[in-house]
Protein chains: 2
Amino acid sequence: MPRAGLDRTAVVEAGAALADEVGFAGLTMGRLAERVGVRTPSLYKHVAGQDDLNRGIAALALAEAAAAVGTATQGCAGRDALAAAAHAFRDFVLTHPGRYAATIGVEPTGPDDPVAVAGLGLLGSFTAVLRSYAVEGAEMDHALRALRSFLHGFATLQSANAFQWSADVDDSFEWLIALLDRGLRNASSPQ
Amino acid sequence: MPRAGLDRTAVVEAGAALADEVGFAGLTMGRLAERVGVRTPSLYKHVAGQDDLNRGIAALALAEAAAAVGTATQGCAGRDALAAAAHAFRDFVLTHPGRYAATIGVEPTGPDDPVAVAGLGLLGSFTAVLRSYAVEGAEMDHALRALRSFLHGFATLQSANAFQWSADVDDSFEWLIALLDRGLRNASSPQ
DNA sequence: CACGAGTGGCTAATCGCGTTAGTTTTGGGC
DNA sequence: GCCCAAAACTAACGCGATTAGCCACTCGTG
């Protein structure tokens with residue numbers, strides 16, 4: 001039996017790709033094993049189990065999302081940066097719905113958990129965007145959460161096909177970015 | 001063996017309550033059967049299977065959420081209505097995380113699917129709120145999607161404990177409402 | 001070049017969950 | 001008091017995750 005030459009990152013990456021194809025719920029150890037050309041129990045030589053696999057996929061997805069947002073906003077500021085970040089994030093979620101879904105419901109075990117580290121990276125990319133606006137101090141935390149909620153909600157709902165009405169979804173996304181921009185530009189003004 | 005006297009709604013409601021307790025992923029036919037005092041296969045006399053159960057729970061949750069938002073916004077307008085709706089929705093998701101989770105990933109099978117009907121009800125509650133702002137025509141669809149994305153994203157992330165930083169989550173929610181209000185008040189103005 | 005150890009793969013088996021088939025029991029209507 | 005449809009039960013299957021235990025390939029070392 002020739003060896004497949006697997007290692008942890010190969011298994012995790014194959015799992016992420018498979019999750020994108022068949023959906024996170026359809027990611028099964030058996031399917032993943034078949035995909036990488038191995039019998040199911042052999043996977044356990046590389047990952048500790050399904051939970052560990054999910055954590056690996058989540059960390060990978062967060063790192064990739066952070067990179068996508070970071071490079072998309074290079075050299076932009078203000079509304080341009082916001083639009084670039086939003087589009088980069090949504091594109092990532094829509095092209096990689098499975099691995100993004102893996103990031104939900106994974107609680108980091110500690111501050112040096114790869115999931116936590118990757119999450120901080122994504123947060124950093126968003127922080128850079130918000131710095132272009134007059135957001136400072138404690139408001140940064142609120143704005144970060146708002147931005148993350150917006151993007152997560154929209155991308156998740158669209159990826160779940162929860163938008164069934166008439167209007168074009170891309171138009172709605174642009175409208176949403178404009179609304180965020182309006183709200184952020186006056187962030188410090190008295191409500 | 002004395003009869004338990006179950007019917008479909010009793011099973012669905014017990015399933016929703018159980019999902020809130022143990023999480024949507026922990027909702028299992030065996031546990032639900034034990035909860036209602038019956039053996040697992042007996043549940044299949046009332047629901048067609050786990051998927052059907054999920055649809056029932058989702059429809060129930062959407063109807064309850066619509067009712068909560070609707071009554072909370074009675075007699076309010078503008079920012080008051082927005083704040084009331086946002087709080088009612090978030091409270092519902094936080095107190096019923098399991099049944100709300102059931103609403104994600106359920107695609108209505110047709111226009112008269114109870115899930116679709118209940119979803120339209122929730123949409124109607126949000127539409128009433130947005131009518132207080134100068135939102136009209138095609139913008140209503142965009143604003144609806146924006147509001148839904150915001151609320152879904154925030155509630156989901158908080159319920160998944162994805163907010164790990166310093167600032168108070170309730171403060172962030174108020175800040176987010178203020179941001180939405182600012183953005184909506186100028187909805188029709190040129191960006 | 002042999003070899004021994006460790007690693008990566010395999011088979012077999014267990015457990016839990018969803019689901020189906022077939023059987024028994026209950027309780028309301030005649 | 002009897003009958004039958006509904007509702008519950010037991011038994012059994014399939015599938016997915018996981019573990020235990022075994023074997024083969026490969027690589028570094030003598």
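Note: hydrogens, waters and symmetry copies are ignored here, and every other heavy atom, side chains too, is used. Each chain gets a letter, A, B and so on, in the order its sequence line appears, and its residues count up from 1.
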Report the distance from atom CG of A:Leu32 to atom C1' of D:dG16, rounded to the nearest whole Å. 13 Å
Pairs flagged by side chain to side chain donor-acceptor pair (under 3.5 Å) wherever residues 50-60 of chain B is involved - sequence neighbours left out: B:Arg8-B:Asp52, B:Arg55-B:Asp113
Does a side-chain N-to-carboxylate-O contact under 4.0 Å join A:Glu64 and A:Arg99? yes
Run A:Arg90 and A:Asp170 through salt bridge (Lys or Arg N to Asp or Glu O under 4.0 Å) and show every step you take. CA-CA 11 Å; A:Arg90 187 177 69 134; A:Asp170 290 343; 3.0 Å; yes
Taking OP1 and OP2 of D:dA8, is either one under 4.0 Å from a side-chain nitrogen or oxygen of B:His46? yes
To the nearest angstrom, the CG-C1' distance between A:Leu6 and C:dC10 comes to 14 Å
Let me know which of B:Phe92, B:Phe126, B:Tyr100 forms a ring-ring contact (aromatic ring centres under 6.0 Å, His included) with B:His152. B:Tyr100
Polar atom pairs (N or O), protein with nucleotides 11-17 of chain C, under 3.5 Å:
residue, atom, partner, partner atom, Å
C:dC17, O3', B:Thr28, OG1, 3.1

Can we say B:Asp181 and B:Arg185 salt-bridge, meaning some charged N sits less than 4.0 Å from an Asp/Glu carboxylate O? yes
Could you state the atom-to-atom distance from CZ of A:Arg8 to P of C:dT7 in whole Å? 17 Å
Taking distance alone, no hydrogens or angles, what donor-acceptor pairs closer than 3.5 Å link side-chain atoms of residues 33-40 of chain A to residues at least two apart or in another chain?
residue, atom, partner, partner atom, Å
A:Arg35, NH1, A:Glu21, OE2, 3.4
A:Arg35, NH2, A:Glu21, OE1, 2.8
A:Arg35, NH2, A:Glu21, OE2, 3.3

Would you mind telling me which residue lines up with the more 5' stretch of DNA chain C, B:Asp51 or B:Lys45, judged by nearest nucleotide? B:Asp51
To the nearest Å, how far apart are A:Leu43 CG and D:dG16 C1'? 13 Å
